[in-house]
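Please read the structure below before turning to the comments.
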Number of protein chains: 2
Amino acid sequence: MDKKPTTAPKGRQQPRVKIEDVARKANVSPATVSRVLNHPEIVRPELRDRVMRHIADLSYTRDSAARALKSGRMRTIGIIVPTLALGIFAEGVEALQNRLSESGYTLFIANSQYDQRRELQELQSLIERGIDGIVLVGGSHERELRALIEQAAVPVITTYVSKAVGGIPAIGIDNESATREMTDYLRRLGHVHFGAIANVVPASNDRSRARLDGIQRALSEAGIPLKPTQIIKADYSLAQGRSALRQLLNDHPDTTAVICTTDTLAIGAMAEARKMGLAVPGSLSITGFDDIELAAQMDPPLTTISVPAAEIGRGAADYLINAISGSPVPKSVLLPYRLVMRASTAPPRPGERPVRRQQARDQ
Amino acid sequence: MDKKPTTAPKGRQQPRVKIEDVARKANVSPATVSRVLNHPEIVRPELRDRVMRHIADLSYTRDSAARALKSGRMRTIGIIVPTLALGIFAEGVEALQNRLSESGYTLFIANSQYDQRRELQELQSLIERGIDGIVLVGGSHERELRALIEQAAVPVITTYVSKAVGGIPAIGIDNESATREMTDYLRRLGHVHFGAIANVVPASNDRSRARLDGIQRALSEAGIPLKPTQIIKADYSLAQGRSALRQLLNDHPDTTAVICTTDTLAIGAMAEARKMGLAVPGSLSITGFDDIELAAQMDPPLTTISVPAAEIGRGAADYLINAISGSPVPKSVLLPYRLVMRASTAPPRPGERPVRRQQARDQ
DNA sequence: TTGTAAGCGTTATCAC
DNA sequence: GTGATAACGCTTACAA
């Protein structure tokens, strides 16, 4: 490790060039320079050009702190994600940032590690920074959060869910409806013996909760409600997908379809199935959620729900930019998901599994 | 899509509570309130408590723009990553953010999409925002970048590489040495027929370039230099890992070891090998780089290089915090990587290959 | 059309 | 130990 210590360059040593310097060089008043920058159309073209030249010459840039102080606007948005480790959030953040950048906004990022207490602290810190808008994930938050946001009078939007909760507008998909649809699809394939693997740890993850609800309701309505032991609770790691499948099949060897609330869990489940010598989808259908890049590349490719993360990010940016400028904004934005049927699902094959199926589907 | 438009709440409508309000309520001068906040130890305890109570009562928070204007410090760091889609960057960013948050700093995030021109623009925007420090990735940048940074007199550090380039200190691993070690390891296993799959698209990716260099140099020194057709250039997608392996084996059917500069490429290569009926590691050894979560979960688990992304992020934070405060900082920080030997590598089995290959093709 | 000048909210430097 | 006061760099009435 190269540790030769040198003294760091201390902050701005050369005093920053300011508007007054430009004004002096251009022989105009600071106000004119400011106008050239902010309302070029009201400055005489000839003068404007001269000023602009000097601005470029001195490579002058405005001090954003001073601007913010004067205008009350930071041109800054904050986002708090549970974690960046999940590609789905990373993708949304990236899209958000790109769109904001186009509009001259900059993005503060913070992460809560799925800890609502910490989310509140980060929000506090963001608000103190004077952000003009805030992006959250999901609808499950600490009590104080709403008061904090209201007091700061900062526009807010929550993402990856579709229903406004507690007055906070949302942009995202209907998670419950998505897993309902997935469940129905599997039912139509002929499956009767289901299992669910859900990343409902921690409990604050309301997206996964909704996904699990969708599965449970669809099956209840179909008259084959899930028993508690048919629901394996996990976090979002691949390893837990593995152990969850093992546990599920241990308790319910007749399972023919496993619905996971996350691709990562599904991929773990697939890996375990392979290890157990179970053919997918021959002996066991497995489904995921999110449609991460890897899903399509699995062997077999994973049937899953595609979540429009980039659109969510862009939409959140647009929402906030409009809200800040006082433009009309929707109460919430429901984005479509897509059920992507690939090769990890198929009709169950009666007879081939330990347990008899009265299934009528042909192969 | 729920589109009922409502009028957005416009910016701060209630005037923000300021230091003067607290001062009036507490019957002290604004200066005292400021001191309570910034140097509590020099204020009479009794007075201090009273002021603090009123601060809490009004839930007063300091205006960061005004503070920044006065102090010249924004307590803000910026980072520009090529993309957030790569887990390795997301992990580093998260660690960076966590450490900064502990120290009262907030992180601006921007992404360049591997476009150096865009990196420069984002940097410009960050500097205008008055950031106190900047984190970059890699050592390959636009010409103007250095001048910009120097002029702004902002401490900077580049990450995921270990050598300071052009006066910009670095924190990360020695990528070239890592692949060298990987290559040597495979050589010791007995491999002679190598192939490399490198994500050297786009060319600005100097980390991958260094990784490829490591492979090439190690093999040159061993007297078995790689032919151009033994090097497949790719981007960083799994799909390209697949096609790269196919092309490689097409041109060089006798290949027994494939070194990839990225886990994702390696996983793609493994998937393709399986599809071609090639046993890994029996017929073909495959290695990755990064040690993403999935690597250990593959079947077989992937031999790879573990990159300490979280340490890089934390280290970058510490570096900048020290640099900003004028504390001594190292010229660069070389972090150790780890060669993680798992089951995707084994000694070559001469003679067994050609036959299998044919069988695989015919299927 | 351009210049003058008054703040924006905070903190540091002075007096007291 | 505490209070008045003067910046920090910019924008915008208002005046010219």
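Every chain is numbered from 1 and lettered A, B, ... according to where its sequence line falls, protein lines coming before strand lines. For clarity, every value in this text was computed on a predicted model and none was experimentally measured.
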- Determine which pairs satisfy salt bridge (charged side-chain N to carboxylate O under 4.0 Å, His left out) with at least one residue from residues 53-71 of chain B, sequence neighbours left out, and list them in order. none
- Give a yes or no on whether the backbone of M74(B) and the side-chain of D132(B) come within a donor-acceptor separation of less than 3.5 Å. yes
- Donor-acceptor contact below 3.5 Å, side chain D206(A) vs main chain G139(A): yes
Contact check, side chains of [X] and [Y], non-hydrogen atoms, under 4.5 Å:
{"X": "F89(B)", "Y": "N111(B)", "answer": "no"}
{"X": "N27(A)", "Y": "R50(A)", "answer": "yes"}
{"X": "L320(B)", "Y": "L100(B)", "answer": "no"}
{"X": "L136(A)", "Y": "L145(A)", "answer": "yes"}

- Message: Expected output is a numbered-order residue list: members of residues 49-58 of chain A with a heavy atom under 4.0 Å from any atom of DNA chain C. What is it?
- Response: none
- Nearest heavy-atom pair of E94(B) and L84(A): which atoms, and what distance? OE1-N, 2.6 Å
- Item | Residues in side chain to side chain donor-acceptor pair (under 3.5 Å) contact with E41(A), at least two apart in sequence or another chain | none
- Message: Parallel, tilted or perpendicular: which one describes the rings of F108(A) and F108(B), with boundaries at 30° and 60°?
- Response: parallel
- Item | Outermost DNA chain C nucleotides near chain A [under 4.0 Å, heavy atoms] | dT1(C) to dG9(C)
- How large an angle, rounded to 10°, do the end axes of the helix from dT1(C)-dA16(D) to dC16(C)-dG1(D) enclose when each is built from five base pairs? 40°
- Message: Regarding R75(B) and S103(B), do their side chains bring together a donor and an acceptor under 3.5 Å, going by distance alone?
- Response: no
- Message: Under a plain distance cut-off of 3.5 Å, with no hydrogens placed, do E122(A) and S112(A) share a side-chain donor-acceptor pair?
- Response: no
- Quick tally for nucleotides 8-16 of chain D: nucleotides whose base has a protein heavy atom under 4.0 Å get B, sugar-phosphate-only ones S, the rest -, giving BBBBBB---
